[in-house]
Number of protein chains: 2
Amino acid sequence: MAKIIATKNSSKKEVIAKKAAALFRNKSFAATSMRELAENIGVEASSLYNHIGSKNELLQTICFKVANDFTIHLNEVEKNTNSSIIKLEELIRFHINMMLSHSDEVFVANHEWKQLSEPFLSNFMNQRKSYENRWVEIIKDGIRKKELKNLNPHITVLTILSAVRSVEFWQRHKKSIESNDLESNIIDHLLNGLIK
Amino acid sequence: MAKIIATKNSSKKEVIAKKAAALFRNKSFAATSMRELAENIGVEASSLYNHIGSKNELLQTICFKVANDFTIHLNEVEKNTNSSIIKLEELIRFHINMMLSHSDEVFVANHEWKQLSEPFLSNFMNQRKSYENRWVEIIKDGIRKKELKNLNPHITVLTILSAVRSVEFWQRHKKSIESNDLESNIIDHLLNGLIK
DNA sequence: ATAAAAAACTAATAAGTGTTAGTTTTGATA
DNA sequence: TATCAAAACTAACACTTATTAGTTTTTTAT
């Protein structure tokens, strides 16, 4: 009889969620069946329900874990009294590192959140909007202190948050690009621009 | 009896593809049923098959139309003898305008291409890789001519192609951001950076 | 070794899937 | 007005879906 193997660091539920994140990323949430997930883990589909509530709950677990990680880090950054530039650099660095260390989960949170059911969908969107607004405040502060150029803060935030997702593409190019280069290049590009 | 209404500019097949793009964008390809698509158009699901071959074919139509539009524009840019900076600016501008004028189709091509079936999936990935490589050459040329900083050209391309996708996010913020600002801000940010 | 709890299994449910076959209606042309 | 093709319809197919019920096996604790 097959078994779900919990490790010291991950409960059985976490093992399932981890595998689910990988499948949701590669095939999309809707196109991944519970039978397929079960097969990847090595048990029957119905056995999963001893450990999880539903397929939807798996998506919720993944999305809110990621959202909370980002929120917690932002709390830390806001506490410090660094310049806006340092704060932005820390935030960008955290995004890049999260995408490298939890790539499946972050991908799913970025691309499959729309499949959340209510009220989780609304919660998620609100949490995201609040997160963006707090970035905007950091940028506004930097403009006020003449540290940053007077670009539109909302657009700037959206541009940065989009740009860091290049790490997703990078996963396809791993051979030709070093991971250290990736981080420094993106930060340099976004902060200092491309033109000599 | 309900009908699919073709206009002067769009055949019935194009009307279906347009509506499909909107649904595939908002619900994902896998989560959109042919019955749902049909209902949105105002006919029965089986009636669609008088005009299209399959659900998969719809996705192919959408994805390759977008891919070809980008390839054709890149051909034009390469023909001209402008500086690399002007070329990049033209390319970025085109991306932004495509996302504004064909937002559903571009979104689907960006996010749902994984659901393509073979051999279309491989074709699409190859076309995309070739497109990226031609961007890389433009950047390399700019570095050679001392127009651009010596950043990693691959990462630079990925960063730009990611960053322009901020237009997707912008659709959620329409009220607070002008579309003109959007274009100039993104270009300024990506070319000249954020720091004063 | 025994009893209880946890977690696996098989089997089934009800609903939904893309698509096809066959039929009827529609709209244009002769 | 009669004819014919285009395009709509209804009904059905064969399959897949998430999830539950009921049962058996495995693990844990006494």
Side-chain angles (χ1 to χ4, degrees), chain A residues 1-8 10-24 26-63 108 112 114-118 120-121, chain B residues 1-8 10-24 26-63 108 112 114-118 120-121:
Chain A
M1 212 176 232
K3 276 199 328 185
I4 302 172
I5 299 160
T7 69
K8 188 155 57 174
S10 337
S11 67
K12 294 185 183 181
K13 182 168 179 174
E14 285 164 342
V15 169
I16 297 171
K18 186 89 199 159
K19 200 77 193 177
L23 287 171
F24 293 170
N26 292 321
K27 308 207 25 160
S28 93
F29 174 74
T32 302
S33 72
M34 294 302 279
R35 286 170 176 81
E36 203 173 359
L37 172 58
E39 192 178 13
N40 264 269
I41 293 174
V43 296
E44 294 297 318
S46 56
S47 304
L48 298 175
Y49 288 86
N50 287 316
H51 309 284
I52 62 157
S54 66
K55 187 187 181 188
N56 272 278
E57 190 203 77
L58 274 175
L59 183 61
Q60 292 151 27
T61 303
I62 296 166
C63 289
V108 168
E112 299 291 331
K114 278 186 195 173
Q115 313 293 329
L116 287 167
S117 51
E118 291 292 0
F120 305 98
L121 178 58
Chain B
M1 212 176 233
K3 277 199 328 186
I4 302 172
I5 298 162
T7 68
K8 187 152 60 175
S10 335
S11 67
K12 294 186 185 183
K13 182 168 179 174
E14 285 164 343
V15 169
I16 297 172
K18 186 89 200 159
K19 200 77 194 178
L23 287 172
F24 292 170
N26 291 321
K27 309 208 22 161
S28 93
F29 174 74
T32 302
S33 73
M34 293 303 279
R35 285 169 176 81
E36 203 174 358
L37 171 57
E39 191 179 14
N40 265 269
I41 293 174
V43 296
E44 294 298 318
S46 55
S47 304
L48 298 175
Y49 288 85
N50 287 316
H51 309 284
I52 62 157
S54 66
K55 188 188 181 189
N56 272 279
E57 189 203 77
L58 274 175
L59 183 61
Q60 292 152 26
T61 303
I62 295 166
C63 289
V108 169
E112 300 291 331
K114 276 186 197 171
Q115 313 294 328
L116 287 168
S117 51
E118 291 292 359
F120 304 99
L121 179 59

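Lettering follows sequence order; numbering is per chain, from 1. All values reported here derive from a predicted model rather than from experimental measurement.
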Q | d(CG, A:Leu58; P, D:dA18) in whole Å | A | 11 Å

Q: Could you tell me whether the side chain of A:Glu112 reaches within less than 4.5 Å of the side chain of A:Ser28, counting heavy atoms only?
A: yes

Q: Evaluate the side-chain proximity of A:Leu48 to A:Leu58: yes if any heavy-atom separation is below 4.5 Å, no if none is.
A: no

Q: Grab the NZ-P distance between A:Lys12 and D:dT26 for me, whole Å please.
A: 13 Å

Q) Does a nitrogen or oxygen in the side chain of A:His51 sit under 4.0 Å from OP1 or OP2 of C:dA8? A) yes

(Q) At under 4.0 Å between heavy atoms, how does the protein contact nucleotides 19-24 of chain C? Give one character per nucleotide, 5' to 3', with B, S or -. (A) BB----

Q) To the nearest 10 degrees, how far apart in direction are the end axes of the helix from C:dA1-D:dT30 to C:dA30-D:dT1, each fit to five base pairs? A) 10°

(Q) Per the salt bridge (charged side-chain N to carboxylate O under 4.0 Å, His left out) rule, what does the pair list look like for residues 45-56 of chain B, sequence neighbours excluded? (A) none

(Q) Under the rule for salt bridge (charged side-chain N to carboxylate O under 4.0 Å, His left out), what residues qualify as partners of B:Glu14, not counting sequence neighbours? (A) none

Q) Within a radius of less than 6.0 Å around NZ of A:Lys114, do more than 12 heavy atoms belonging to other residues, nucleotides or ligands occur? A) yes

(Q) I need the NZ-C1' distance between B:Lys27 and C:dG16, as an integer number of Å. (A) 12 Å

Q. Which pairs pass side chain to side chain donor-acceptor pair (under 3.5 Å) with one or both residues in residues 32-41 of chain B, sequence neighbours excluded?
A. B:Lys27-B:Glu36

Q. Nearest to the side chain of B:Ser33, which nucleotide is it out of C:dA7, D:dC9, C:dG18?
A. C:dG18

Q. Rounding to a whole Å, what distance do you find between A:Leu48:CG and D:dT20:P?
A. 13 Å

**Q.** Listed partners of B:Ala2 passing side chain to side chain contact (heavy atoms under 4.5 Å, CB included), at least two apart
**A.** B:Val43

**Q.** From NZ (B:Lys13) to OG1 (B:Thr61), nearest 0.5 Å
**A.** 4.5 Å

**Q.** N/O donor-acceptor pair under 3.5 Å between A:Gln115 side chain and A:Phe29 backbone
**A.** no

Q: Could you tell me whether the side chain of A:Asn50 has a donor or acceptor atom within less than 3.5 Å of a complementary atom in the base of C:dA6?
A: no

**Q.** Spacing between A:Glu44 atom CD and D:dT20 atom C1', to the nearest angstrom
**A.** 15 Å

Q: Mind calculating the distance between NZ (A:Lys13) and C1' (C:dA7) to the nearest angstrom?
A: 16 Å

Q. B:Ile16 CD1 to D:dA6 C1': how many Å, rounded?
A. 13 Å

